[in-house]
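See below for the structure under consideration.
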Amino acid sequence: MVSLKELGWENYINRLNLATISNAVGRVRRVDRGEVDVLTPSGEIRAFSDSRRAKSITAPVTGDWVKVFTDPEQGYVIDSVLPRYSQIIRRDPAEMERPQVLATNVDVVAIVLSADRPINIARIERLLILAATSETKAVLILTKADYGIPEEWAEIVDELHNVQHLETSAFLGSGESGIRDLLDQNQTLVLLGESGVGKSTLVNYLAGQEIQETKEVRLKDKKGRHTTTAREMILIPSGGIIIDTPGIRGVGLWDSEEGIDTVFHSISSARRNCRFKDCTHKTEPHCAVQEAVREGRINDQKLERYQRLVDEIREQTEIRNRQNRKPQ
Ligand SMILES: Nc1nc2c(ncn2[C@@H]2O[C@H](COP(=O)(O)OP(=O)(O)OP(=O)(O)O)[C@@H](O)[C@H]2O)c(=O)[nH]1
Ligand SMILES: [Mg+2]
Ligand SMILES: [Zn+2]
């Protein structure tokens with residue numbers, strides 16, 4: 001049995017500044033189509049999620065706090081999803097113009113990279129934007145440190161000097177304490193990264209048992225095999241909650257203008273001094289961003305990555321505006 005505190009309830013009410021404590025709640029461990037596995041102090045239950053009958057139309061997601069009632073015919077049914085203090089949202093990869101909530105009530109977004117394959121900074125920045133958009137702390141975790149720390153890691157850590165970073169090896173048993181610190185006070189951490197980087201292995205290592213299935217990566221290109229297929233919450237016996245997720249390659253951004261500004265702070269602050277309000281920082285005269293590039297204060301590759309993201313958001317907004325203008 002687990003207590004509400006172990007599920008992160010105290011942390012939850014602190015984060016939302018809630019005064020009252022209602023006990024008719026549990027936390028969503030896993031969502032499987034219309035059925036939801038909910039952890040409660042009296043054990044795990046499988047509840048039916050019926051958005052027609054639920055008070056809230058919000059679909060439950062791993063990490064959510066929910067109220068549950070018992071229906072004489074259907075058994076446990078989700079009554080409502082409680083307010084979220086954070087939600088990690090990307091563009092739905094299946095339906096481009098819809099958001100997809102990856103995890104909720106998250107304190108730390110852990111971006112997982114591994115030492116056995118190249119590291120892509122543009123992909124890291126996208127995940128940093130997802131975290132920043134939801135005002136959630138992000139950390140970089142380099143797994144498989146037993147391969148040796150790649151040279152590019154130092155460059156990435158240097159470039160992203162505002163972001164905490166950790167190196168771990170589940171095989172050598174190193175780097176554990178840094179992650180346990182992040183889980184202090186029963187905080188919730190979500191692991192995001194490509195298939196095969198060792199997310200589930202890290203969960204098992206911290207849990208001290210094989211809870212999550214793991215599988216070897218392909219020898220020739222180190223590609224993972226998409227072993228984890230659902231987002232799932234795991235309680236770590238020493239305290240804290242981890243949400244393990246299926247491997248992701250690209251992430252599409254959703255409503256991320258502010259997140260981009262946070263992650264590309266040097267560019268967004270220089271931008272304010274451009275002569276033209278709608279400056280694209282490409283060919284305009286009196287562009288403060290281009291000036292900063294010339295003076296070496298902003299890296300030109302970083303600016304290129306920034307521009308790609310801004311263009312993507314602009315395109316998205318245009319598509320959405322066009323759709324909204326269509327007669328229903
Ligand atoms: N050498 C070494 N191998 C590791 C380490 N951590 C994980 N691996 C291996 O990497 C492979 C993939 O690990 P998983 O934990 O299944 O990776 P994952 O990120 O959960 O992958 P998906 O579920 O597909 O997203 C397995 O063969 C692990 O044994 C480590 O610290 N060192
Ligand atoms: Mg996995
Ligand atoms: Zn400009």
Side-chain angles (χ1 to χ4, degrees), residues 30 62 93 102-103 110-117 119 123 127 140-150 153 166-176 178-179 189-207 209-234 242-251 260-261 264 266-295 297-298 300 302-304 306-307 310-311 314:
R30 182 190 159 121
T62 299
L102 288 173
I111 301 170
V112 188
L113 298 317
S114 68
D116 64 346
R117 63 178 77 188
I119 299 172
R123 222 175 278 159
L127 293 169
L140 305 178
I141 299 181
L142 181 76
T143 59
K144 313 194 192 184
D146 46 287
Y147 276 86
I149 308 287
W153 182 242
L166 296 165
E167 291 92 30
T168 67
S169 164
F171 283 16
L172 298 176
S174 64
E176 180 182 340
I179 299 178
L189 175 147
V190 63
L191 297 170
L192 297 180
E194 267 181 56
S195 176
V197 292
K199 299 179 292 298
S200 302
T201 305
L202 195 57
V203 168
N204 292 343
Y205 169 52
L206 292 162
Q209 53 179 306
E210 300 292 307
I211 296 176
Q212 293 292 85
E213 192 192 345
T214 63
K215 222 178 265 170
E216 266 159 33
V217 296
R218 286 202 317 223
L219 256 184
K220 68 170 167 45
D221 55 9
K222 306 288 180 198
K223 278 213 169 107
R225 295 165 196 270
H226 294 279
T227 312
T228 306
T229 54
R231 301 188 283 273
E232 210 159 321
M233 194 167 83
I234 298 105
I242 297 188
I243 297 176
D244 191 10
T245 64
I248 43 172
R249 257 187 96 75
V251 284
I260 294 178
D261 281 351
F264 290 86
S266 57
I267 299 174
S268 56
S269 55
R271 193 183 63 197
R272 287 190 211 113
N273 297 321
C274 293
R275 165 153 315 166
F276 301 106
K277 246 195 135 72
D278 57 352
C279 185
T280 61
H281 326 299
K282 285 172 186 162
T283 53
E284 291 89 342
H286 305 287
C287 167
V289 174
Q290 280 298 344
E291 191 183 303
V293 171
R294 278 193 299 276
E295 289 171 2
R297 286 179 282 121
I298 290 173
D300 56 348
K302 193 174 183 123
L303 176 60
E304 264 177 45
Y306 167 84
Q307 279 167 330
V310 170
D311 288 345
R314 199 169 291 149

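Just so you know, ligand 1 is whichever comes first in the structure, and atom 1 is the first atom listed for that ligand. Quick note: residue numbers are just sequence positions, from 1.
In this structure the side chain of Ile149 reaches within 4.5 angstrom of the side chain of Leu142, judged on heavy atoms. Inter-residue side-chain proximity for Cys274 and Val289 is flagged as met; some heavy-atom pair is nearer than 4.5 Å. Using a 4.5 Å heavy-atom threshold, the side chains of Leu202 and Leu191 count as touching. Glu194 is listed as a side-chain neighbour of Arg123, based on a closest heavy-atom distance under 4.5 Å. Side chains of Leu113 and Thr143 form no contact here, defined as non-hydrogen atoms less than 4.5 Å apart. Side-chain contact between Glu176 and Thr168: absent, with no pair of heavy atoms (C-beta onward) separated by less than 4.5 Å. The shortest distance between side-chain heavy atoms of Ile248 and Leu127 falls below 4.5 Å. Counting heavy atoms from C-beta outward, Glu291 and Arg297 have side chains that approach closer than 4.5 Å.
Set against the non-hydrogen atoms of Lys215, the atoms of ligand 1 under 4.0 Å away are 11 (C), 12 (C), 13 (O), 16 (O), 26 (C), 27 (O). Close contacts between ligand 1 and Gly247 involve ligand atoms 25 (O) [criterion: under 4.0 Å to a heavy atom]. Atom numbering of ligand 1 starts at 1 in the shown order; those under 4.0 Å from a heavy atom of Ala170 are 30 (C), 31 (O). If you number the atoms of ligand 1 from 1 as listed, the ones under 4.0 Å from a heavy atom of Ser169 come out as 31 (O). When each atom of ligand 1 is checked for a heavy atom of His226 under 4.0 Å away, the hits are 24 (O).
Closest to atom 17 (O) of ligand 1, if we only count protein heavy atoms, is Gly198 N, 3.1 Å. Closest to atom 10 (O) of ligand 1 among all protein heavy atoms lies Lys144 NZ, 2.9 Å. Here the protein heavy atom with the shortest distance to atom 24 (O) of ligand 1 is Ser195 OG, 2.6 Å. Atom 27 (O) of ligand 1 has Glu216 CA, 3.1 Å as its closest protein atom, hydrogens excluded (heavy atom only). Looking at atom 13 (O) of ligand 1, its nearest protein heavy atom turns out to be Thr201 OG1, 3.3 Å. When only non-hydrogen protein atoms are considered, atom 18 (P) of ligand 1 lies nearest to Lys199 N, 3.5 Å. Nearest protein heavy-atom neighbour of atom 21 (O) of ligand 1: Gly196 N, 2.9 Å. The protein heavy-atom contact nearest to atom 29 (O) of ligand 1 is Phe171 CZ, 3.4 Å.
Atom CG of Leu172 has more than 12 heavy atoms from other residues, nucleotides or ligands within 6.0 Å. For Lys277, the NZ atom counts as loosely surrounded, since its 6.0 Å shell holds 12 or fewer non-hydrogen atoms of other residues, nucleotides or ligands. Heavy-atom neighbours of Arg218 CZ from other residues, nucleotides or ligands within 6.0 Å: above the threshold of 12.
Contacts between Asp146 and ligand 1, counted as non-hydrogen atom pairs separated by less than 4.0 Å, involve the side chain only.
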- Task: For side-chain contact (heavy atoms from CB on, under 4.5 Å), just list the numbers for Thr228 and Thr245, CA-CA rounded to whole Å, side-chain angles, deciding distance to a tenth of an Å, and then say yes or no.
- Result: CA-CA 7 Å; Thr228 306; Thr245 64; over 6 Å; no

- Task: Show your reasoning for whether salt bridge (charged side-chain N to carboxylate O under 4.0 Å, His left out) applies to Lys222 and Asp116.
- Result: CA-CA 7 Å; Lys222 306 288 180 198; Asp116 64 346; 5.1 Å; no

- Message: Set out, in order, the CA-CA distance, both residues' side-chain angles and the distance that settles side-chain contact (heavy atoms from CB on, under 4.5 Å) for Arg30 and Met233, then state yes or no.
- Response: CA-CA 7 Å; Arg30 182 190 159 121; Met233 194 167 83; over 6 Å; no

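Legend: protein N/O/S atoms lying under 2.8 Å from the Mg ion (ligand 2), waters omitted, number 2.
Listed by chain and number, the protein N, O or S atoms at a distance under 2.8 Å from the Zn ion (ligand 3) are Cys274 SG, Cys279 SG, His281 ND1, Cys287 SG.
Arg117 and Tyr147 share no side-chain donor-acceptor pair at under 3.5 Å. For the residue pair Asp244/Gln212, the side-chain donor-acceptor check at 3.5 Å is satisfied.
Using a 4.0 Å cut-off between charged side-chain N and carboxylate O, Arg225 and Glu216 make no salt bridge.
Heavy-atom separations between Tyr147 and ligand 1 include at least one value shorter than 4.0 Å.
Where the criterion is an N or O separation shorter than 3.5 Å, residue side chain and backbone included, Arg225 fails it with respect to ligand 1.
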